[in-house]
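All chains are named by letter (A, B, ...) in the order of the sequence lines, taking the proteins before the strands, and each is independently numbered beginning at 1.
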Amino acid sequence: MRVLTTFLWYLLLICGAILMLLPFAWMILTSLQPATTTLTMPTNWLPRTLQWVNYQHVWQLAPFTRYWLNSLLVTTTTTLGQLFSSLLAAFAFTHLQFYGRRFLFGLLVALMLVPGELLLIPNFVTIAQLHWVNTYAALIIPWLASVFMVVTLHQAFQSQPRSLYYAAHIDGASDWQYLWHILVPTNRPIITAVAVLQVIASWNAFMWPLIMTNSEQFRTLPVGLMAFTSEQGTNYPLLMAASVCVILPLLILYVCLQKYLMLGITQSRWKGSTQ
Amino acid sequence: MLNTKPTLKSTRKALLYLAPLLIITLVFTVWPLIHALLMSSYVRYNYFTNHVGAIGWANFAYLWHDPLFHLALRNTLCLVFVAMPVTVALALVIALGLNRIPRLARFFQTIYFLPFVTATIATGLVWNWIFRLDGGLLNASLQHLGISPIDWLNDPHVALLALIVVCVWQGLGFNVVLFLAGLNRIDAKYMRVAQLDGANAWQRFTNVTWPLLLPMTVLIVINTAVTNFKVFDQAFALFHGAAGPGNSALTLMFYLYQKFYVDNQFTVAAASGVVLFCLVGLLTLLTYGYFRWQRRRLGGRS
Amino acid sequence: GRQTATPTPAKRTTVTFWHGMTGTSQQTLNAMIRDFNHSQTQYRVVASGQGNFANVQQKITAAAKSQTLPTLAQTTYTNVPDYLHGKFIVPLNGYISKRTLNRIDPTLRQVSQYQGKTYAMPFSKSIGLLFYNQDLLRQLHLTVPRTWHDLVRDAAKAHAHGYTGLALDQTFRPQWSALACQAGTPLVAKHPRLSSPQMLAATDVIYQMIKHQTAATAGTDGFGNVRFLKGKTLFYTGTSAAIGIMQTNTPKGLHWSAAKMPSFRGNPRVYAVQGNELVMFNSASPAQRRGAAALMKFLLAEKQTLKWAKATGYLPLTTKALRSQDYRNYLAKNPAAQATVKSLPYGKPDTAFYGYSETQNAATQVADELATLQTTPKQGLAQLQRKLTALQTDGE
Amino acid sequence: MQVTLHEITLAYDRQPALLDHFSCTLPDGKLVALLGPSGSGKSTILNLLAGLLTPQAGQIFFDQTDVTTYDSRQRNIGMVFQDYALYPHLTVRDNIAFPLKMARFKKAARYQRVAELADLVQLTDQLGKFPQELSGGQQQRVAIARALAKHPALLLLDEPLSSLDTALREELRTVIHHIQRQTGVTTLLVTHDQEDALQIADEIMVLAHGRLQQIGTGQALYQSPHNLTVAQFIGRPQINLCAVTNLPATLRTLLPAAQLAQATTLGIRSEAVHVATTPSPLTAALTAQVRLGRDTQSHLHTSYGDFISTAIAPTTATAVPLTIDRQGCLLFDAQGACLWSGGDDLA
Amino acid sequence: MQVTLHEITLAYDRQPALLDHFSCTLPDGKLVALLGPSGSGKSTILNLLAGLLTPQAGQIFFDQTDVTTYDSRQRNIGMVFQDYALYPHLTVRDNIAFPLKMARFKKAARYQRVAELADLVQLTDQLGKFPQELSGGQQQRVAIARALAKHPALLLLDEPLSSLDTALREELRTVIHHIQRQTGVTTLLVTHDQEDALQIADEIMVLAHGRLQQIGTGQALYQSPHNLTVAQFIGRPQINLCAVTNLPATLRTLLPAAQLAQATTLGIRSEAVHVATTPSPLTAALTAQVRLGRDTQSHLHTSYGDFISTAIAPTTATAVPLTIDRQGCLLFDAQGACLWSGGDDLA
Ligand SMILES: Nc1ncnc2c1ncn2[C@@H]1O[C@H](COP(=O)(O)OP(=O)(O)OP(=O)(O)O)[C@@H](O)[C@H]1O
Ligand SMILES: Nc1ncnc2c1ncn2[C@@H]1O[C@H](COP(=O)(O)OP(=O)(O)OP(=O)(O)O)[C@@H](O)[C@H]1O
Ligand SMILES: [Mg+2]
Ligand SMILES: [Mg+2]
């Protein structure tokens, strides 16, 4: 019985996994096609000769190194900053008593619902007034807060036994120390999860960096992808090669961080011997 | 602590903790939002010179009479009410599966996360390839099953469906990760007692996992609904910059985009943004209320 | 040799230039700007790509709102009235002499005027063409159609043989527009008269083709040339700008060429002119404006405009360049481009007016609905007429 | 440090007041045990002292200082929680070292102290484990070690020995006693186990029904309980009770007439019920005899009530003549107040 | 139902085997107490029986059925966890009703039974609360009620009384005993409290060092322990030990010569150390006397070891002559095996 259900679960997961994997596989395969044979699939979607040169072209066609460094800088700083501000806020909502707590929280949740497109231009005006156009500040500072992250973290923090907070207090930890020494390490999986989500969002951000910066110097990878489409058509293999270059670092990061995402499972007390 | 009441001092301290968040949201979300709200009431407004002709409901009246807006509203609601439940349910099933199987969980998790990692541009193209009429993967498979091919992307009757599929596909990984994080927070001991108490797998799920997961589920449902309300990128990429064949997949966000950036009808765009915001807010309230009710029904504290 | 004489860059006036060119076009443009910067010592032009054309529009809107516009930007002339309404565009008169402007090809020059002033300088221009698959044409014993009537017939024949007759781009509005012009009234105009039987007939041409599946819009491919290049399509109508990308994407063994668009019911031919212009913003200092003008003049130089045309497939801008030996040599090597030059004298751009983009958008919508057979030409035209009338009364 | 609770009132949300004008004093440097029925508010008092709960009224004094509004951190307290509250992400070593880390001790100093403490609670070989990998008793010992780490001025122990086996319990009890003696830290020990309390506490407080029933040495509580609650609470097996009205005359003569007149209940300690060597008018049926290690509990049935005696040697008889010691008898009035305790003379 | 553990081996990840070829049998319908030091694997054995842990080797039989590979659900077990494991999202009422809900009882029937059980564990007034709002002892009682709810075939209790005060403890102990008697359900009770075990258990198992040290009635364990571990474990206060080599001649004569020759350790129960009424060659210094309710523990110091006696009445003397009962003496060899237990004759 148990074997059967396990088998069924595997079957389900594998089917789903194929669906998830397929488009990605297509991306990689396309990126290795010569330009002229694209889109004549599916008959020969395994190219006879793999065009690794596509990747070389990608790197030549646009200043990808620069983009890459910018993306790296923007992503790390926004993620860290966002984590910082969100952790503080989530902590305050979880453990501190203050006037207007529920109201403020409700308000923040409401802000989660604001369509971003609507805010783009007013924000650009603000950025311009701050003289931040074409600076890293424009790419980073507005993203240092995320309501979604606050809500998620708050939710996770709430399910932690309160006695830990009390114990830490008695042990002489201030709120600040409790936050960093106890709350953060014990919630590593969820924190890693939201951080990863943020990394991806910020790595893939397109409109914002495009609007907020004017010169190549500050452009990020997704903006770089523009080089491969034009008004008249798209060079699919190159675009896909470039896309792979954009996505790959994220995947690697994700695989590396998975250890933390799964922490809850591996640390459970009855590991190994549980059925 | 256990029974502390808020005081001025504690409020000041909390505000210090909240300061980074509040400052940034005030400047970059609240302020522009107010701006948009104001703008939605301007009539004969010169966006660039900031000349306001009059103040009134004209923009909302415009929306009220605009068949395109109606279409966008219909499509968006359809998208939300189909894509959101499907995404959440699938994500939950997958997360439960991943949480259950002893081996390869990580491997699968990575794969399910792929769609979320993939940038929207690439996703659009890939799905374009899957859905296309000639040589599209989906149609090729359908043909094997003896079903005549469907022009998913150019048939106005099915284009929205295609968009829904893409949205579900793309939102899945993110929600799986969130669900997994939620599942991990449930102490294994509850599963053990429940098993001892004679609960079978399904009962364990409905009576223990589900109620304990409920807070996370609320979050996911609301977030997914909000995301689906704001679908734009996916449609833009999937339909090559159009809102589907003959506008058949026009979403509210797409409408807003067109009004703002293409038609230069800034005030109408702002008004549609306000409508969108109110709708999402309403839906969120409903969701929240529903789950509160359910939670109470399941016997939990509210 | 001249570089040594250049004064320190600090003394130069910086001229900022936003454009929406990508790929090869961008590379060519960058090279030309580099040349410009080396050619003189007063100005330094800094060009930056802002994504695609839609992105450039967004940036201009945002920058105009926040008063951080560049000196000049690439946009379409149809935006000029809107920009003028927003009070952030300046006429080129006074910075570019009439003589210089007169060097521009007359068809292209039409677009630069609005309310008696020159606002836009043609830049990346192309014209509608009919591409045909030479192999299929031969196989089906057909010749290049001269009228839409022929085209419809040929396409039907191709369809009968299991091919697609005519591939259209995502929207066929440009073709429809051209047909409408030939039927007597432009489609996108301030006060269009869409209810005439002529207009209905013009609309019906494409509608019937789509309905009988002898024509197909590219739908979500965006470009009909993707389908065309698969070799199972007889004709493709697109703009001359596509020639470049089509050449690189042509699979081995496929032969195609291009011809002028067919005429409609023997009416005077009118072809859709597409592409972008350069405009200058009033936030720029006089020095910058002069710099921008200098750049425009530089781009109009025969050498430069030819270089541009040859590298990108866009049209050379000046009459002189069009007639030059150099370009003729180029055409000899690129027979497909020959049709461009032949079509050019018949090009008739729409007249710009305040609210143009909205009007155009409405037309595109109707075109889309026609393409998906959601509406009939009669209904569609009536609907468009209603809508445009409403827009006009709104605007006033 | 002397600790005083002054007129403390506390009620949980939407509940009647659990503590109502509750006052008591923990003498400086003493180990005080807090005994009371489950749910009587023992943990609540500890939380009040720790600063985790704020009273609705009343003050808490540490020596002369009013600390009612002080934060836990400012109170320098060591506490063992009933559910241990160990940090799940830290090893046993780091759990114990945590308070020191917060006090910015150097790493070497921290681990030095951890080693000492681990030795004390016999956990030296478990230092590298995580809390989830420990047995219940081991977790409790970690919690004790952690509470002791920073040499607190007041030590609060919430049932610190409840999951331990007798041997370890006795040992740790001695350890706590020893540490308390050595450091002179005022200690409040909540326990449900009288023996713990009697063994090591300098004084015992009995809490019930939201009131402090009595405070005193173990012996005082045993021999002269203020009221029935205390008498029932202290002493194993529980005190035998019978209604005064039913008492046979032989028994009545034992007791002082004045008090007897007002009393409603007579309590008799189990060790005061003996087998009479001479024929006695008091007889009882011996319903069962249970051997509990060195004790033998005899269950007796008489016309005026059922008794348990621990002073009857194993026997096979089914009916036995009884004598009852005057010292083991207590008289209570209808309100439960103790009128007379026979054991007074024993002190 | 008779429960048999057969040659069970179990090791936690990266740890030496905790149980190594461990075998034992719980007789049908009996209440067996499992005693053992903290960390000896008591909870582990319960988890094995409950099916929450799978042994690396060996089988578990319920009557004749091999249930080693059975799922917990198929075993019909009631269990009280050491940490209670109450469902945080359910009220006390629904926590108790949970097993019945799983067994698809009607709502009315469920709540009917809950009312009975709540009455039994004295929680009727707390039924609407959530676990977080209960005191430790209250939580434990909820756990007991939940375990009893579905009339299990095997009842596993992991220290079900550890957080309760004496009075409630005795009461609940009686309740458990009573229920067990009435229903005849085989019960395994883990406890660290000997008195619980001695009071209600039909048999007591002593577990230490991964091995079953002895199984038998409380009296048997007390009077004839198989080895030193058991002797030390059972009995309060702990048995007095002294090396055989140092013994004074007067004591030696008490003991059988044959066994004395092989023995290395002598154990003397605290109640066997009396004050001699006649002058005695054995004298001891009385270092302290502690009154614990009805008991008086006297700490004695002699040249051959320190003793605790519970048979010396309160006195002010500082040195006392001693006699030692033969019945309270036990002899152990170097391996700790018991060679002779003086109390044999007492059975
Ligand atoms: N957070 C709370 N909300 C509401 N009631 C509570 C809360 N905490 C405790 N109580 C109630 O207060 C009473 C006293 O609880 P407390 O934990 O102080 O008891 P205790 O004496 O420590 O008992 P035990 O010995 O069983 O641990 C109990 O009836 C309990 O139900
Ligand atoms: N998940 C685990 N991983 C590693 N070691 C464990 C784990 N669980 C228990 N142990 C170890 O196994 C031993 C026995 O644990 P168990 O919980 O069975 O003890 P116990 O007899 O119940 O003790 P107590 O009376 O203190 O509850 C302990 O040394 C403990 O540290
Ligand atoms: Mg308590
Ligand atoms: Mg245990």
Taking the side chain as everything from C-beta on, heavy atoms only, tell me whether Phe124(A) gets closer than 4.5 Å to Thr61(C). no

Does anything in residues 76-90 of chain A reach chain C? List residues with heavy atoms under 4.5 Å apart, or say none. none

Please classify the contact between Thr213(A) and chain C as side chain, backbone, both or neither, with a heavy-atom cut-off of under 4.5 Å. backbone

Segment of Gln27(C) engaging chain A (4.5 angstrom heavy-atom cut-off): side chain

Partners passing side-chain contact (heavy atoms from CB on, under 4.5 Å) against Ala138(A) (at least two apart in sequence or in another chain): Ile127(A), Trp132(A), Thr135(A), Met212(A)

Between NZ on residue Lys59(C) and CG on residue Asn214(A), distance to nearest 0.5 Å: 3.5 Å

Give a yes or no answer on whether the side chain of Arg219(A) reaches the backbone of Gln50(C) with a donor-acceptor pair at less than 3.5 Å. no

A quick test of your reading: do over 12 heavy atoms of other residues, nucleotides or ligands sit less than 6.0 Å from CH2 of Trp208(A)? yes

Which residue out of Val223(A), Val125(A), Leu210(A) racks up the most heavy-atom pairs below 4.5 Å with chain C? Leu210(A)

Whatever's closer than 4.5 Å to a heavy atom in chain A on Gln26(C) counts as side chain

Would you give the length of the straight line joining atom OG of Ser66(C) to atom CG of Asn123(A), rounded to the nearest 0.5 angstrom? 11.5 Å

Whether over 12 other heavy atoms sit under 6.0 Å from Gln134(C) CD: yes

